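What follows is a single structure, written as structure tokens, with notes after it.
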2 protein chains.
Amino acid sequence: MQIVDNQVSEDGEAPLSDRIVRAISDAIISGDLPGGARLRESELASRFGVSRAPLREALRLLEERRLIERLPYSGVRVIQLTLKMVADLYEIRAALEAIACQRAAQRITPDDIAALEAMLAAEGEQIDGIERDRQRRLSPIRDFHTRLAEIAGNDELLRLLSRDLWRHARSYYHSAWKTLSERSRAAHFEHVAILEALKHRDGELAALLMRRHIDHSRTILERHIAEQDKNPAPAGAEKSE
Amino acid sequence: MQIVDNQVSEDGEAPLSDRIVRAISDAIISGDLPGGARLRESELASRFGVSRAPLREALRLLEERRLIERLPYSGVRVIQLTLKMVADLYEIRAALEAIACQRAAQRITPDDIAALEAMLAAEGEQIDGIERDRQRRLSPIRDFHTRLAEIAGNDELLRLLSRDLWRHARSYYHSAWKTLSERSRAAHFEHVAILEALKHRDGELAALLMRRHIDHSRTILERHIAEQDKNPAPAGAEKSE
DNA sequence: TGATAGTCGATTGCATGCAAATTGTCGACA
DNA sequence: TGTCGACAATTTGCATGCAATCGACTATCA
């Protein structure tokens with residue numbers, strides 16, 4: 001439970017409590033602060049080298065983001081993601097990104113298309129080099145979805161899709177099983193198909209493909225967890241309580 | 001700018017900062033704190049009779065809910081809703097409530113149907129008595145949508161659809177124009193049609209109707225605002241800057 | 001022996017106080 | 001006269017300190 005070098009040193013400019021939010025948020029999503037862990041304010045304060053005042057502001061914000069839960073007079077607890085919760089989130093995300101596709105098809109420019117193609121090209125190359133560490137492989141995928149939301153031009157939508165809770169669900173998704181390779185490859189081709197639809201400004205098709213793309217991921221996750229429950233933890237599942 | 005009797009006295013139990021959140025949130029949505037207004041912490045603290053510590057926690061939370069904006073070292077400002085923002089929110093809500101319909105169709109019980117029918121009956125009666133004050137007429141509508149989200153069984157979805165920002169957008173919508181009567185009547189029949197589809201467990205139809213229902217509201221809002229911009233404020237528009 | 005009430009420690013919740021930053025104003029100078 | 005710069009008042013940001021509350025341990029009684 002020792003986190004060194006998380007001394008809230010990201011930006012030297014932003015308000016302290018905002019930096020604390022970032023630090024704790026990253027710690028939760030990365031798994032350094034495991035789900036269900038009870039946190040004491042004074043402990044966190046000393047860990048991050050700040051006083052309790054900005055820390056409490058940060059905790060209130062993180063509670064609203066649903067990364068932690070507050071237990072009145074009992075501190076806070078890192079939220080414990082469940083399969084149902086992640087599945088619910090994916091269901092919502094499918095609908096939201098379908099909107100993004102629909103709108104993006106109307107507003108996309110040739111430059112946008114070129115940028116997205118470059119992203120997918122990089123994604124395809126990285127999948128070939130599967131031996132790379134997982135994090136690097138994920139980033140372009142996230143960028144593809146995020147870029148689409150930006151193109152859509154609905155600021156509220158972009159904001160919703162940028163929520164940390166989805167990053168968290170995503171990490172749950174990926175830590176759930178190791179054999180990502182075949183799913184990554186399929187996902188890549190789904191991305192390509194979506195972009196192809198966007199190129200033809202076929203918003204309806206793009207939205208449909210996107211909805212299926214995300215629903216597909218969710219289905220696979222649910223099926224995988226169900227199987228995992230039968231064969232409980234063959235190797236070491238990194239579910240440190 | 002005098003708010004009396006908002007002394008944060010709702011519950012005597014909940015943590016103080018939570019009650020402050022409620023109080024400020026209500027003040028913003030009701031319009032007592034108009035959009036764009038700059039708020040000073042000490043002023044708010046004395047207004048609500050609390051110290052700045054819990055107040056600041058509340059402000060951080062309200063910022064995350066996007067009811068206020070923080071200007072570092074310059075205090076906070078009540079968010080100014082724009083037509084585009086409200087339209088964007090309605091677009092998102094249409095998609096989310098369509099999901100709710102789809103899922104509700106699979107899970108709805110006879111009791112649920114009876115409860116929803118009762119709501120719509122009350123709604124229909126209230127529309128006949130248009131002379132009633134506006135707030136009372138709105139509540140059952142909101143309940144219909146909320147109840148549907150509950151039936152859907154997706155907790156994240158329910159949470160999203162319960163956000164204060166949507167209540168705020170709704171108040172913008174209704175303060176935008178006075179002649180609600182014909183729209184209310186149409187909306188009521190749209191609700192009836194949605195429920196009818198749900199009774200037949202036709203999720204696809206219910207979702208479609210719901211999407212149109214909300215898109216319709218949005219379209220009317222946009223058209224109305226456009227007209228209003230031509231004939232600037234015939235009566236006194238309650239846009240107190 | 002089991003259950004219950006009381007007490008103590010620890011932790012959160014809130015108030016106060018001081019330092020850092022910003023905004024507005026005033027004055028000097030081109 | 002207009003603009004730039006410095007200063008001061010105000011406000012936010014953060015740290016510290018005290019009170020309220022919860023949980024656990026112990027002791028007492030049935």
Side-chain angles (χ1 to χ4, degrees), chain A residues 1 3 6-25 27-28 33 36-79, chain B residues 1 3 6-25 27-28 33 36-80 241:
Chain A
M1 261 262 212
I3 297 182
N6 252 10
Q7 291 293 93
V8 188
S9 53
E10 322 229 345
D11 304 83
E13 304 295 328
L16 192 47
S17 84
D18 288 346
R19 282 180 283 161
I20 301 173
V21 168
R22 252 318 245 291
I24 298 181
S25 182
I28 291 175
L33 290 175
R38 179 160 177 266
L39 306 177
R40 277 184 285 280
E41 292 181 0
S42 49
E43 182 186 339
L44 286 173
S46 61
R47 167 184 296 180
F48 295 113
V50 299
S51 98
R52 283 179 51 221
L55 179 78
R56 283 175 59 84
E57 296 179 15
L59 291 181
R60 271 305 205 297
L61 198 156
L62 289 168
E63 180 195 22
E64 188 63 20
R65 289 192 184 166
R66 295 185 37 73
L67 290 178
I68 63 175
E69 293 172 322
R70 286 189 75 79
L71 318 169
Y73 287 101
S74 285
V76 301
R77 178 171 57 191
V78 178
I79 199 159
Chain B
M1 263 262 211
I3 297 181
N6 251 10
Q7 291 293 94
V8 188
S9 53
E10 323 230 343
D11 304 84
E13 302 295 330
L16 192 47
S17 83
D18 288 345
R19 282 179 283 161
I20 300 172
V21 168
R22 250 321 243 292
I24 298 181
S25 183
I28 291 175
L33 290 175
R38 180 160 176 264
L39 306 176
R40 277 183 285 281
E41 292 182 359
S42 50
E43 182 187 337
L44 286 173
S46 61
R47 168 183 295 180
F48 294 113
V50 299
S51 102
R52 283 179 51 221
L55 179 77
R56 283 176 59 83
E57 297 179 15
L59 291 180
R60 271 305 207 294
L61 198 154
L62 289 168
E63 180 195 23
E64 187 64 20
R65 288 190 185 168
R66 295 183 40 69
L67 290 178
I68 63 175
E69 292 172 323
R70 286 188 75 79
L71 318 169
Y73 287 100
S74 283
V76 301
R77 179 171 57 190
V78 178
I79 200 159
Q80 178 73 278
E241 201 280 329

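Quantities reported herein were computed from a predicted structural model and do not represent experimental measurements. Residue numbers begin at 1 in each chain, while the letters A, B, ... track the order of the sequences.
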* To do: Give me the bend of the helix from C:dT1-D:dA30 to C:dA30-D:dT1, using the axes of the five pairs at each end, rounded to 10°.
  => 10°

* Asked: Under 3.5 Å, side chain of A:Arg38 to main-chain N/O of A:Ser74, donor-acceptor pair present?
  -> yes

* With sequence neighbours left out, what residues match B:Arg65 under salt bridge (charged side-chain N to carboxylate O under 4.0 Å, His left out)? -> A:Glu64, B:Asp164

* Asked: Just one of A:Ile24, A:Leu67, A:Leu39 clears the side-chain contact (heavy atoms from CB on, under 4.5 Å) bar with A:Val76, so which one?
  -> A:Leu39

* To do: Grab the two heavy atoms, one from B:Pro54 and one from B:Leu16, that are nearest each other, plus how far apart they are.
  => CG-CD2, 4.4 Å

* Asked: What is the distance, rounded to the nearest whole Å, between atom CD of A:Glu57 and atom C1' of D:dG13?
  -> 8 Å

* Search all heavy atoms of A:Ile68 against all heavy atoms of A:Leu59 and return the closest pair with its distance. => CD1-O, 3.3 Å

* Residues of residues 65-73 of chain A with any non-hydrogen atom less than 4.0 angstrom from an atom of DNA chain C: list those, numerically ordered, please. => A:Arg70, A:Pro72, A:Tyr73

* Asked: Got a donor-acceptor contact below 3.5 angstrom from the A:Arg60 side chain to the B:Arg56 backbone?
  -> no

* Asked: With A:Ala45, which residues qualify under side chain to side chain contact (heavy atoms under 4.5 Å, CB included), at least two apart?
  -> A:Arg52, A:Leu55

* Asked: Which atoms form the tightest heavy-atom contact between B:Glu57 and B:Ser17, and what is the distance?
  -> OE1-OG, 3.9 Å

* Asked: In chain order, what residues pass the salt bridge (charged side-chain N to carboxylate O under 4.0 Å, His left out) check against B:Arg77, with sequence neighbours excluded?
  -> B:Glu69

* Any A:Arg70 side-chain heavy atom under 4.5 Å of A:Leu62 side chain -> no

* Could you tell me from which nucleotide to which nucleotide of DNA chain C, 5' to 3', there is an atom under 4.0 Å from chain B heavy atoms? => C:dC14 to C:dT23

* To do: Using atom CD of B:Glu63 as one end and atom P of D:dT12 as the other, report the distance to the nearest whole Å.
  => 14 Å

* To do: Please tell me which of B:Ala53 and B:Ser74 maps to the more 5' nucleotide of DNA chain D, matching each residue to the nucleotide holding its nearest heavy atom.
  => B:Ser74

